[in-house]
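Since this is a predicted model, take the numbers as computed values, not measurements. These values consider heavy atoms only, across backbone and side chains, with no hydrogens, waters or symmetry-generated copies. Whatever order the structure lists them in is the order used to number ligands and atoms, beginning at 1.
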Amino acid sequence: MTTGTLDRTAAAVEVHDVHKWYGAHRVLNGIDLTVRPGEVTVILGPSGSGKSTLLRVVNHLEKPEVGYVSLDGEPIGVRRNGDRLKELSERAILAQRSRIGFVFQNFNLFPHLTVLDNVAAAPVATGRLSRPGAVALARDLLARVGLADKAAAYPRQLSGGQQQRVAIARALALRPGVILFDEPTSALDPELVGEVLAVIKDLATSGTTLLIVTHEIGFAREVADRVVFMDGGRIVEQGPPSEVLDHPQHERTRDFLSKVL
Ligand code: ADP
Ligand code: MG
């Protein structure tokens, strides 16, 4: 498959029978997942079920032992039977990764850069925009997440909720085809959770493709097109929130929901 020819009809993200292990420890045990363009998918599951590892495989921060991931129909990795797909160069992997936004639990902002530069840095570093173009975009994105007045501040001067909103603006700056969120509100004080969820909800309703790991069940019910429940490195069940959250078919899903609701 040639890089650069985007298949507009393809899934935004497709995970094909992905297995991941560390020594004898099996972390992902055959994950198949399709995220269509514009779809909002929420992944739920107990601690240790492999949610973060799955996001890291999608973002090419981890390489699966078996299976592969496609972005916009473009595959990377190895097939189940060991047939090797053409390995992508480091450069092609970086190009793919720049089409994916990643928002972490702990924000991971650059502490030595202002809020504005946190958002403007990547479009300049990747050669996509001139510095003035990136600054203009960063100002627009900061306004979108409600932080226009914090452009000159440094991350340490912001609350956790504000820092996470900067991280979302930074992810948007590369105009990604999909944004992955790994427990974006888990590190926040309870009173700051709502402002971050409101920003993610705004992205969801504006048609951005989102793959979100969260324990916020109410939020999942409101914004998810699809809820995926993982346990033991497997997808136990998936479907619309009205099915998975309100009428779970599996005992493990019911047990999990009874603990987090
Ligand atoms: P979750 O995000 O659902 O809590 P993770 O994907 O972080 O789960 O982890 C799943 C399992 O994989 C855990 O048991 C964890 O200890 C293990 N794991 C994750 N990363 C590594 C690693 N780099 N080396 C060894 N084990 C790992
Ligand atoms: Mg995790």
Checklist entry - Do Ile31 and Leu54 come close enough that some side-chain heavy atom pair is under 4.5 Å? => result yes

Next on the checklist: Yes or no: does Gly45 have any heavy atom under 4.0 Å from an atom of ligand 1?
Outcome noted: no

Next on the checklist: So that I can tick it off, tell me whether Asp255 and Lys259 are bridged by a salt bridge, with the cut-off set at under 4.0 angstrom between side-chain N and carboxylate O.
Outcome noted: yes

Item to check | Identity and separation of the nearest protein heavy atom to atom 3 (O) of ligand 1 | outcome: Lys51 NZ, 2.8 Å

Checklist entry - Any Lys/Arg nitrogen of Arg56 or Asp182 sitting under 4.0 Å from an Asp/Glu carboxylate oxygen of the other? => result no

Item to check | Leu203 vs Arg144 side-chain heavy atoms within contact, under 4.5 Å | outcome: yes

Checklist entry - Between Leu147 and Val115, is any pair of side-chain heavy atoms under 4.5 Å apart? => result no

Next on the checklist: Heavy atoms only, cut-off 4.0 Å: how does Thr53 contact ligand 1, side chain, backbone, both, or neither?
Outcome noted: both

Checklist entry - Looking only at protein heavy atoms, which one is nearest to atom 4 (O) of ligand 1, and how far off is it? => result Gly48 N, 2.7 Å

Checklist entry - Tell me: protein heavy atom nearest atom 18 (N) of ligand 1, and distance? => result Tyr22 CE1, 3.8 Å

Item to check | Close-contact set for ligand 1 against Pro46 heavy atoms, below 4.0 Å | outcome: 3 (O)

Next on the checklist: Please list the nearest protein heavy atom to atom 14 (O) of ligand 1 with its residue and the distance rounded to 0.1 Å.
Outcome noted: His25 CE1, 3.1 Å

Item to check | Test item: Arg170 and Asn108 side chains (from C-beta on) under 4.5 Å apart, heavy atoms | outcome: yes

Item to check | Gly233 to ligand 1, any heavy atom closer than 4.0 Å | outcome: no

Checklist entry - Ignoring hydrogens and geometry, is there a side-chain-to-backbone donor-acceptor pair from Asn118 to Phe110 under 3.5 Å? => result yes

Checklist entry - Is there a donor-acceptor pair under 3.5 Å between the side chain of Gln249 and the backbone N or O of Glu237? => result no

Next on the checklist: For atom 8 (O) of ligand 1, what's the nearest protein heavy-atom neighbour? Residue, atom name and distance, please.
Outcome noted: Gly50 N, 3.2 Å

Next on the checklist: Would you say the Mg ion (ligand 2) has Ser52 as a near neighbour, meaning an N/O/S atom of that residue under 2.8 Å away?
Outcome noted: yes

Checklist entry - To the nearest 0.1 Å, how far is atom 7 (O) of ligand 1 from its closest protein heavy atom, and which atom is that? => result Ser52 CB, 3.7 Å

Item to check | Interfacing atoms of ligand 1 (cut-off 4.0 Å, heavy-atom, Val27) | outcome: 10 (C), 11 (C), 12 (O), 17 (C)

